[in-house]
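All remarks here apply to the structure that follows.
This is a predicted model, so every value here is computed, not measured.
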Amino acid sequence: MDVDPVRLESSLWVGKKRYRAALTGWHLNWTELDKKNRDKKTVSVPVSEVIGVEEGRVQVLPQRSVAEDTDREFTVFYVKRSSSGSSYGLLWRLGRTQFCCPSRDLRDQWMTQLRIALKTHSPSRPHRLLVFINPFGGKKQGRQIYHSRVAPLFELAGISSHVVVTERANQARDHILKKDLTGFDGVVCVGGDGIFSELLHGVIGRTQQEAGLSEHDPSLTLQSCDLHIGIIPAGSTDCVCFATVGVNDPVTSALHIIIGDSQPLDVCSVHHRSSLVRYSVSLVGYGFYGDVLAESERHRWMGPLRYDYSGAMVYLSNRSYAGVIQYLPADSQLSSPRDNTRCLSGCSVCSKGTERLFPHSPGASSLYSSHFSQFSSDTEGEWVSVEGRFRAVSLTCMSSSCPRSPLGLSPSAHLADGTGDLIIVRDTHPLGFLTFLHRHTSTQDQFDLPFVDVHRVKAVRFSLPTGEEEDKDEERERVNDGGMMEEGKRPSRSGSHKHLVERGEERGQKDFLCGLCCSKAPTVSVWNCDGEILPHTEISCRVHGQLVRLYARGIEDGSARPTRKCQDGHRNCKGRCVLNN
């Protein structure tokens with residue numbers, strides 16, 4: 001077992017209590033002295049989770065303040081965990097402890113050793129970030145959230161940031177695609193899932209441009225992206241943040257960014273024929289989820305309440321749609337969408353996925369070639385075809401959990417195993433479908449219903465039955481008359497079609513609620529791709545394993561968190577298992 005050497009050890013005061021403090025290779029520990037009983041309080045902080053060290057008695061939040069005449073004191077800031085009120089994630093807070101030394105020389109020695117340890121054991125921490133703020137997302141508090149709760153933390157950690165407040169749709173995507181990003185370690189969005197999607201398209205698009213690859217070739221393997229993406233939640237749903245961190249909290253997300261956490265993420269590319277339409281990480285949904293989005297776009301003035309209203313109206317319309325679904329199954333021996341596992345921090349399924357996706361990649365140099373070998377096997381296997389009428393068809397690369405649905409669309413989906421979960425809800429009576437929807441808000445198994453199928457897949461195709469082609473053309477003409485992009489128009493390079501949602505405001509009420517009051521319901525639905533409407537009905541989807549990386553580490557399970565330092569080899573542990581009181 002490796003020994004964790006002590007670099008510095010001495011007696012320090014915290015308030016009126018004396019402690020024995022020790023800085024080892026991976027931890028900063030302090031144990032209360034002068035206590036007669038054996039129940040002595042010990043606090044252990046991983047060096048990797050120390051945010052900063054400052055001279056004197058310093059306070060950062062809610063505003064910075066420094067006490068005078070404190071030449072023998074220093075303040076250590078670190079990650080401190082607390083319950084989020086549920087078992088689905090942990091809140092991270094800025095812990096702060098003020099130490100008093102017997103002399104100024106000892107204080108300087110402590111500060112020097114702590115800062116050396118930070119540089120030595122935290123090489124992946126970002127030093128310069130490009131931050132995009134969406135001032136219109138959610139409750140329109142993006143600026144206030146960043147400047148009051150996030151920027152002070154970045155300053156404390158020594159991170160410089162260039163801030164861009166967006167003024168139009170796709171501004172962040174275009175900036176990443178066209179501007180010089182030399183010197184930036186990552187890009188960060190302050191907003192909801194919409195602006196995250198812009199960063200996603202920009203980072204992927206730029207990486208493929210630099211690699212000389214065309215995103216519009218559906219058979220092509222995409223190059224993995226080195227530039228990390230951070231999310232500061234300030235939107236209406238913040239689904240991606242919730243599914244990768246476990247909570248929607250700006251401070252928690254900012255601290256993950258500061259310490260340089262890295263979470264690989266699968267991405268689904270959506271093509272129509274030989275043209276990229278969009279990328280997705282959370283949901284590609286047809287039928288119910290597409291109709292709800294299309295209806296809700298005309299009621300944006302209602303805020304988040306529009307989703308409840310639109311969901312109720314679409315449910316009452318009682319519609320189903322004909323279609324042909326083809327999918328390429330993943331290896332069922334590796335994992336299953338019904339194996340009752342959850343993708344948590346340190347997920348073994350995702351770790352095995354890394355070994356499978358990149359079998360010959362000891363370093364980044366071979367990442368590209370191994371990624372090609374990964375996808376060369378994706379075309380192998382037998383495609384399965386399902387035809388019928390469906391209430392909903394969904395493909396997700398993550399659980400898609402959110403505060404309303406803590407377990408998500410597919411509770412056992414994984415963030416980085418190179419697969420997606422295909423959920424097929426066949427036509428059924430209204431009460432059965434309501435049961436399916438209600439189970440998303442509880443712990444009941446939403447797949448344990450006779451009209452619901454779920455499959456772990458690597459690729460999916462959707463088309464209309466032959467007899468529906470003529471009706472589809474008529475429906476498409478009516479959509480185009482309402483202002484939607486014509487089917488023959490080529491999408492932008494990034495595949496982003498944010499402006500398409502505006503067509504929901506231009507179309508008449510009868511297009512999406514005619515099931516309530518008209519004799520003929522629409523024959524086709526629309527696709528909901530991470531909150532954006534796609535302009536095509538017939539699409540093909542393909543999962544790209546670990547295509548991007550987020551500043552996150554997956555959901556930490558609060559119900560199973562350790563409270564003491566592990567007894568295994570400290571060098572292998574690196575302090576990641578130690579959670580502070």
Side-chain angles (χ1 to χ4, degrees), residues 48 122-125 185-186 200 203-204 207-208 211 221-230 240 243-246 256 259-269 279-282 328-337 339 341-381 396-399 410 412-421 456-459 542-557 568-569 571-577:
S48 62
S122 303
S124 60
R125 292 193 178 193
D185 301 304
L200 179 75
V203 169
I204 297 176
T207 302
Q208 308 322 308
T221 297
L222 299 180
Q223 172 77 318
S224 297
C225 306
D226 295 327
L227 197 65
H228 278 60
I229 301 175
V240 178
T244 55
V245 178
H256 278 288
I259 68 175
D261 270 339
S262 183
Q263 172 64 52
L265 192 65
D266 297 337
V267 178
C268 175
S269 62
Y279 294 111
S280 168
V281 296
S282 60
L328 185 62
D331 189 346
S332 60
Q333 295 182 352
L334 298 176
S335 63
S336 165
D339 58 14
T341 62
R342 291 190 64 218
C343 187
L344 301 174
S345 181
C347 174
S348 61
V349 174
C350 293
S351 297
K352 294 177 181 177
T354 302
E355 298 173 0
R356 187 179 70 257
L357 297 173
F358 311 112
H360 308 295
S361 57
S365 60
S366 62
L367 202 63
Y368 184 71
S369 60
S370 60
H371 211 56
F372 261 94
S373 65
Q374 170 223 154
F375 279 105
S376 64
S377 63
D378 273 3
T379 57
E380 299 175 359
T396 180
C397 292
M398 58 174 59
S399 67
S410 185
S412 295
H414 290 272
L415 296 174
D417 66 341
T419 69
D421 285 356
R456 187 143 290 172
V457 301
K458 295 184 288 186
R542 179 180 176 184
V543 180
H544 299 260
Q546 303 187 11
L547 185 60
V548 298
R549 286 186 171 269
L550 305 186
Y551 285 119
R553 65 169 59 176
I555 299 175
E556 291 182 322
D557 190 357
D568 295 328
R571 188 170 302 278
N572 294 329
C573 169
K574 298 184 180 180
R576 295 262 173 161
C577 68

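Put simply, the side chain of Ser351 gets close to the backbone of Cys347: a donor and an acceptor are under 3.5 Å apart. Between the Asp266 side chain and the Gly418 main chain, a donor and an acceptor come within less than 3.5 Å of each other. The main-chain N or O of Asp417 is found under 3.5 Å from a side-chain atom of Arg356 such that the two form a donor-acceptor pair.
You'll find the side chain of Gln208 reaches within 4.5 Å of the side chain of Gln223, heavy atoms only. Taking the side chain as every heavy atom from C-beta outward, Leu227 and Thr207 never approach each other to under 4.5 Å. In this structure the side chain of Val267 reaches within 4.5 angstrom of the side chain of Ile204, judged on heavy atoms. Side chains of Ile229 and Leu550 form a contact here, defined as non-hydrogen atoms less than 4.5 Å apart. For the pair Thr396/Met398, a side-chain contact is recorded, criterion being any heavy-atom separation below 4.5 Å from C-beta on. Val548 has its side chain out of reach of Tyr279: every pair of non-hydrogen atoms, C-beta onward, lies at least 4.5 Å apart. At a threshold of 4.5 Å between non-hydrogen side-chain atoms, the residues Ser48 and Ile259 do not count as touching. Between His544 and Cys268, the closest side-chain pair of non-hydrogen atoms is not below 4.5 Å.
The aromatic ring centroids of His256 and Tyr551 lie 6.0 Å or more from each other.
In this model, no donor atom of one side chain and acceptor atom of the other lie less than 3.5 Å apart for Arg553 and Ser345. At a cut-off of 3.5 Å, with distance as the only test, a side-chain donor of Thr354 or Gln546 sits close to an acceptor on the other residue. Residues His414 and Ser335 have side chains that never bring a donor and an acceptor to within less than 3.5 angstrom of each other.
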Side chain to side chain contact (heavy atoms under 4.5 Å, CB included), that's the test. Do Ser282 and Cys397 meet it? Break it down for me. CA-CA 6 Å; Ser282 60; Cys397 292; over 6 Å; no
CA sep, side-chain torsions, deciding dist, call: Arg549, Ser262, side-chain hydrogen bond (donor to acceptor under 3.5 Å, both in side chains): CA-CA 6 Å; Arg549 286 186 171 269; Ser262 183; 3.0 Å; yes
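Rounding to the nearest 0.5 Å places OG of Ser412 at 8.0 Å from CG of Asp421. From Thr244, atom OG1 reaches atom CD of Gln263 across 7.5 Å, with rounding to the nearest 0.5 Å. Here the straight-line distance linking atom CG of Leu200 with atom CG of Leu265 works out to 8.0 Å at 0.5 Å rounding. The distance from atom OG of Ser399 to atom CD1 of Ile555, rounded to the nearest 0.5 Å, is 5.5 Å.
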